[in-house]
Q: 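I have a structure here, written as structure tokens, and I will follow up with some questions on it.
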Amino acid sequence: MLDLKMVLEHPEEVEQRLSTRGGSLDLSPLRELGARRRAAITERDNTRAEQKALSDAFRNPGLTPDQREELRQRSRALGERIATLEGEVARIEEEVRDVLLNLPNLPHASVPVGTDASDNVVLRTVGTPRTFDFTPREHWEIGESLGILDFEAARRISGARFVVYRDLGARLERALAAFMLDLHVSRGYREVFTPFVVQRDCMVGTGQLPKFAEEAYVATDDLYLIPTAEVPVTNLHRGEILEASQLPIRYAAWSACFRREAGSHGKDVKGMTRVHQFQKVELVKFVAPETSYEEHESLVRDAEEVLVRLELPYRVVSLCTGDLGFAAARCYDIEVWLPGQNAWREISSCSNFEDFQARRANIRYRPAPGEKPRLVHTLNGSGLAIGRTIIALLENGQQADGSVRIPQALRPYLGGVETIGP
RNA sequence: GGAGAGAUGGCCGAGUAGGUCGAAGGCGCUCGCCUGCUAAGCGAGUACACGGGGUUGACUCGUGUCGCGGGUUCGAAUCCCGCUCUCUCCGCCA
């Protein structure tokens, strides 16, 4: 959420910067609401001050009954006026909030301007895609032929876009979670484990709601299945004032993630590139504003380290304004090379939200004792999506005989297994 | 699921025959003093939000906020109603 005061003070700049995301935008209704809000608040406060003065006059013991009655009448009239104005302010503020909650974040100045993914900028490519002396297969073929991925079973129990892991596949899922968490913890992240369902406020806090309601699974009791651990972990500090000495706070969290994928009919229907439930290790940071862009760089490096250790070729892409997520001020995607699909595919998305989420979730810190609290900056990134990591391991590690080589770093987590064979 | 207790500032904790309570006291923190280190002591300060003025985050004025919402009243942290949450005991349970 953007700051109302800032938007009202710099409307042209906000319009201009938001317009780089594509689509048209007219802030004039918001500006009009802002003016009405201010007028109503001023009048309400002035009327209250008047009533307060009358109340004070009441304490004068020398009043005659007539005078008392007159004061009572006047005060009551003011009270009615105040009630009216209070209703008006509340109504206007709700409208303002409605507009603000649906406004995306301002892209940072360093974000390349563009309309879609083709305008994204590749920052670096790390590792070299392997050359094959056979035609590399896609992950679902490999996984099914090895008996470690079972899409048929998943369809039977949960429907389309789910996957069942078996045997070393199931163990691989578990091994990767442990491997990633251990790596991040060794680099300064605190491991945290949170619920997979959250209350509505959390979803609003991180920006999934109200705009993207159709993407979320809703349980009964107004609980939502989390689409990423970002939601519960970021909301861990909702409503708090943190001490400057606590910052930066860095968390690593493993969780299942649930997504309806409502807008992606027909996309990635084969395999498990796009499924309704996957597991992910998420990195979340709470930092002082001055440091958030450095922290963004180091966040990506931390995610990249997983790929380096797993010997997977990847590239880092800076999303252009048109491709940037709703809440992000800047976002780097990490794309892993998939020889079976002959394509780079997103395996991590690392964003700096600046104070966009912090304002929604009211997460602040005190820069120094005695100073006024300020909003923190929040960041998060996948470190990594486990399902897609398995895809990458299968496609990059496949060998002519149908087996898959497991990278060195992962073997201790798989009880020393070096290859997964049929 | 049953019974009871409670929700006050960064934390702890006073405050119920309604007014001068944003709220005693303590802790913590900040600044200063004192003490030749340390510890102790003394003094001052220390909530957040919104709106106005302004040297436009110094400062200043106004208003609101004692879990949330509503009611009574000229006026409510204090009275009434509803809700939410937390804790304790019992039951059930991975």
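Throughout, protein chains are lettered first and strands after them, A, B, ... in sequence-line order, and every chain is numbered starting at 1. Note that the structure is a prediction, hence the values are computed from the model and not measured.
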Q: N/O contacts under 3.5 Å, protein versus nucleotides 11-13 of chain B?
A:
none

Q: What class does the angle between the rings of A:Phe162 and A:His276 fall in, given that below 30° is parallel, 30 to 60° is tilted and above 60° is perpendicular?
A: tilted

Q: Which protein N or O atoms sit under 3.5 Å from an N or O of nucleotides 66-68 of chain B?
A:
none

Q: What does the list of N/O pairs under 3.5 Å between the protein and nucleotides 45-48 of chain B look like, with a distance for each?
A:
unit_1: B:C48; atom_1: OP1; unit_2: A:Arg366; atom_2: NH1; d: 2.8
unit_1: B:C48; atom_1: O3'; unit_2: A:Arg364; atom_2: NH1; d: 3.1

Q: According to a strict under-4.0 Å criterion, is A:Lys5 in side-chain N/O contact with OP1 or OP2 of B:G51?
A: yes

Q: Please name all residues satisfying side-chain hydrogen bond (donor to acceptor under 3.5 Å, both in side chains) with A:Arg76, sequence neighbours left out, ordered by chain then number.
A: none

Q: Find the distance A:Glu80:CD to B:U72:P and express it as a whole number of Å.
A: 11 Å

Q: Output one line per pair: protein atom, nucleotide atom from nucleotides 53-55 of chain B, and distance, for all N/O pairs under 3.5 Å.
A:
none

Q: Where the side chain of A:Arg374 is defined as all heavy atoms beyond and including C-beta, which of B:C74, B:G57, B:G64 is the nearest nucleotide?
A: B:G57

Q: Tell me the interatomic distance from A:Gln246, atom CD, to B:G10, atom P, rounded to whole angstroms.
A: 14 Å

Q: Can you measure A:Leu78 atom CG to B:C74 atom P for me and round it to whole angstrom units?
A: 13 Å

Q: Output the rounded distance in Å from CE (A:Met6) to P (B:G57).
A: 15 Å

Q: Does anything in residues 36-49 of chain A come within less than 4.0 Å of RNA chain B? Heavy atoms only, and list the residues if so.
A: A:Arg37, A:Arg38, A:Ile41, A:Thr42, A:Asp45, A:Arg48, A:Ala49

Q: Can you measure A:Glu9 atom CD to B:G57 atom P for me and round it to whole angstrom units?
A: 10 Å

Q: Taking atom P of B:G10 as reference, at what distance in whole Å does atom CD of A:Glu240 sit?
A: 11 Å

Q: Is any side-chain nitrogen or oxygen of A:Lys52 closer than 4.0 Å to OP1 or OP2 of B:U63?
A: yes

Q: Take atom CD of A:Gln51 and atom P of B:G19, then tell me their distance rounded to the nearest Å.
A: 17 Å

Q: Return the orientation label for the A:His139 and A:Phe151 ring planes: parallel under 30°, perpendicular over 60°, tilted otherwise.
A: perpendicular

Q: Rounding to an integer number of Å, can you tell me how far A:Arg72 CZ sits from B:U72 C1'?
A: 14 Å

